[in-house]
Amino acid sequence: MKTALITGITGQDGSYLTEHLLAKGYAIHGLVRRASMFNRSRIDHLRSPGDGPGRTPGSQQGTTVAPSDRLVLHYGDLADLTSVRRLLKKVSPNEVYHLAGQSHVGLSFEIPEVTCQENGMATLGLLEAMRDLDYPVRFYHAASSEMFGSPQATPQSEATAFNPVNPYGCAKAFATQLCHVYRNSYGLFACSGIAYNHESPRRGENFVTRKITLAAARIKAGRQAALHLGNLEAQRDWGYAPEYVTAMWQMLQTEKPLDCVLATGRLCSIREFAMAAFKEVGLELKFEGRGEAEVGRRTDTGAVVIRVDPRYYRPADSTHLVGDASLARQTLGWAPKTIGTDVARLMARADWATMSEPGKSQTD
Ligand code: NAP
Ligand code: GDP
C-alpha cells in the first residue's frame, strides 16, 4: 500500500485528492492546522466514525468514497516547519502533495507577507526536509497560472516565461523555480502542476465562481438581495477540480519528474459565468454599470440586477490567462471535460440543491 502525505487536505483540492487516493488504496496522512472552528467540513465524510471530535454526520454525502481508517489527520502548520518535518519522518510517505497555502489572489494584496511565507518559503522548507530523507520521495507542488500574470504568450505552456502581477504569483513562481533547483541539484522527484482556475461546489466562498453560484441560489430562495461583483469582463480558464486532482496524481506516476500546465484552453468571462449560473436556477440577469442600479433590485421583467462594485477591483488583474495543456495530454493522457459555463451550471445546481433541500449536502 502506498502512503501519501497531503498538506492542504481540508481545502477544495485536498478533499478531492483524498477521495481519489483512497479509491486507489492509498494510506493518507493529512496535515491540518489548528483553527478556532473545526475546518474539516470538506473531508468529514471521509473520516472513520469516532475519529476524534468535529465530525459532522452526513457532511458531503453522495460521494462514492466511504469513510476510511486509511485516512489519518495530524496537527501541523506551514508556519511551524518543525512540525511538518517531524510528520514527514514519522509517516515516511511515498508521495507528498503540497497543496496548503494562502490561495486567494485578491487577498494576496492585503496579506502579501503571509502569502509569500506560506506559498514560497514554506515550500522551500518542505523541499529541504525532503532533501534530508534517506529514501526517495515524490513531491507535487501546486503551482499556478498566476505565475504568468501578464503573459508574454497566449496560450501559455511550460515554456512561457513567468511574469507575475501579484504577490501570490510571485510566491508560486519562487517555489516553482526552487522545485527545479532541487530536482536538478539533488535529484528530487519534484513536479509542479501549473494549474489554471479549477472550481467546484467545494470552492471557497470568496472566489468569484462560488460567490456567484451561492448568490444565485440565495437570491432565488429570497435569502439574499444583492450581488456585488468587481471586474465583469475579466476572463478565466475555468475547469472542474475533481478532474485536476487526477492529473496531480498522474504527474507523480511518470518515469521522470515534469512540470505540466493543467488547463482547459478556453476563456470564459465573469459575465458569461454569471449568466449561465443564474439561468441554471431559472433567473434572468441584468447588468448595470457603476452607480446606475439599485443593488439587487428585480426589475419589472423579474430580472436580477448585478451591481459592479469598485471595492472588488484589484490593483492589478491578470489577463489572458489561458493554458495549453498539450504536454499533460501527451504524457498523462489527461484532458479536462467540464469547462467554463459547464462548471457554472454544475455549481449553481449544487448550491440550489443545498438551499432548496436542507439536509442534502453539496456534492457533485
Ligand atoms: P483552498 O481551498 O484555499 O485550500 C487551501 C488549504 O491550505 C486549506 O486546507 C488550508 O487550511 C491550508 N492552509 C492554508 N494555510 C495553511 C497553513 N499555514 N498551514 C497549514 N495549512 C494551511 O485551496 P485549493 O483551491 O484547494 O488549492 C490548493 C492549492 O492549489 C493551493 O496552494 C492553491 O494556491 C493552488 N492552486 C489552486 C488553484 C484553484 O483554482 N483552485 C489554481 C492554481 C493553484 P484551512 O482549511 O485550515 O484553511
Ligand atoms: P483568481 O483567478 O484566483 O483570482 O480567482 P477569483 O475567483 O478570486 O477571481 C477571478 C476573477 O474574477 C478575477 O479577475 C477577479 O478580478 C474577478 N472578479 C470580479 N468580481 C469579483 C469578486 O467579487 N470577487 C472575486 N474574488 N473576484 C472577482
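The shown structure was predicted, so the numbers you read here are calculated from the model rather than taken from an experiment. Each ligand, and each atom within it, is numbered from 1 in the order the structure gives. Computation of the quantities below employed the complete heavy-atom set of this structure, encompassing side-chain atoms and omitting hydrogens, waters and symmetry-equivalent molecules.
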His74: which residues meet the ring-ring contact (aromatic ring centres under 6.0 Å, His included) condition with it, sequence neighbours left out? His29
Examine Arg203 against ligand 1 and note whether any of their N/O atoms are separated by less than 3.5 Å. yes
What protein heavy atom sits nearest atom 30 (O) of ligand 1, and how far away is it? Ala142 CB, 3.3 Å
Only heavy atoms of Ala143, strictly under 4.0 Å: list the atoms of ligand 1 that pass. 43 (C), 44 (C)
For Asn197, the ligand 1 atoms with a heavy-atom partner under 4.0 Å come out as 40 (O)
Less than 6.0 angstrom from the centroid, inside 45 degrees of the normal: does Arg47 satisfy that with respect to the ring of Phe38? no
Note: Ala325 and Ala263 closest approach over all heavy atoms is CB-O, 3.6 Å
Out of Ser103, Ala195, Ala100, whose heavy atom sits nearest atom 21 (N) of ligand 1? Ala100
In this structure, atom 2 (O) of ligand 1 is nearest to the protein heavy atom Gln12 N, 3.0 Å
Residue of the set Tyr140, Tyr196, Trp334 for which ring-ring contact (aromatic ring centres under 6.0 Å, His included) holds with Tyr244: Trp334
State whether the shortest distance between N or O atoms of Asp13 and N or O atoms of ligand 1 falls below 3.5 angstrom. yes
Tell me whether Arg314 forms a cation-pi arrangement with Phe109, defined as NZ or CZ under 6.0 Å from the six-membered ring centre and within 45 degrees of its axis. no
closest protein heavy atom to atom 48 (O) of ligand 1 is Arg33 NH2, 2.8 Å
Considering non-hydrogen atoms only, spot the tightest contact between Tyr168 and Ser108 and give its length. N-OG, 3.2 Å
Could you name the protein residues that come within less than 4.0 Å of ligand 2, counting only heavy atoms, and order them by chain and residue number? His104, Val105, Glu146, Asn197, Asn206, Phe207, Val208, Lys211, His228, Leu229, Gly230, Asn231, Ala234, Arg236, Ile270, Tyr312, Arg314, Asp317
Search all heavy atoms of Trp238 against all heavy atoms of Cys268 and return the closest pair with its distance. CZ3-O, 3.4 Å
Between Thr213 and Asp351, does any side-chain donor sit less than 3.5 Å from a side-chain acceptor? yes
Heavy atom under 4.0 Å from ligand 1: found in His104's side chain, backbone, both, or neither? neither
Any N or O on Ser145 sitting closer than 3.5 Å to an N or O of ligand 1? no
Identity and separation of the nearest protein heavy atom to atom 36 (N) of ligand 1: Tyr168 OH, 3.6 Å
Identity and distance of the protein heavy atom lying nearest atom 6 (C) of ligand 1: Gly8 CA, 3.6 Å
Distance from atom 31 (C) of ligand 1 to nearest protein heavy atom, with residue and atom: Leu99 O, 3.1 Å
Under-4.0 Å salt bridge between Asp309 and Arg311: yes
For Ala35 and ligand 1, answer yes if some heavy atom of the residue is under 4.0 Å from a ligand atom, otherwise no. no
Could you check whether Arg34 makes a cation-pi contact with Tyr75, meaning its NZ or CZ is under 6.0 Å from the centre of the six-membered ring and within 45° of the ring axis? no
Is the NZ or CZ atom of Lys172 both under 6.0 Å from the centre of the six-membered ring of Phe162 and within 45° of that ring's axis? no
Residues which pass ring-ring contact (aromatic ring centres under 6.0 Å, His included) with His104, listed by chain and number, not counting sequence neighbours: Phe207
Set of ring-ring contact (aromatic ring centres under 6.0 Å, His included) partners for His141, sequence neighbours left out: none
Looking only at protein heavy atoms, which one is nearest to atom 40 (O) of ligand 1, and what is the separation? His198 N, 2.8 Å
Indicate whether the side chain of Asn119 and that of Gln102 have a donor and an acceptor atom separated by less than 3.5 Å. no
May I ask you to check whether Thr160 and Gln152 show a side-chain donor-acceptor distance below 3.5 Å? no
Identify the closest protein heavy atom to atom 46 (O) of ligand 1: which residue and atom is it, and at what distance? Thr10 OG1, 2.6 Å
Taking both backbone and side-chain atoms of Gly76, is any N or O found less than 3.5 Å from an N or O belonging to ligand 1? no
Side chain or backbone, does Leu78 bring an N or O within less than 3.5 Å of an N or O on ligand 1? yes
Is the closest N or O pair between Gly11 and ligand 1 shorter than 3.5 Å? yes
What part of Glu146, side chain, backbone, both or neither, has a heavy atom within less than 4.0 angstrom of ligand 1? neither
Hey, are Ser145 and Gln156 close enough side-chain-wise for a donor-acceptor pair under 3.5 Å? no
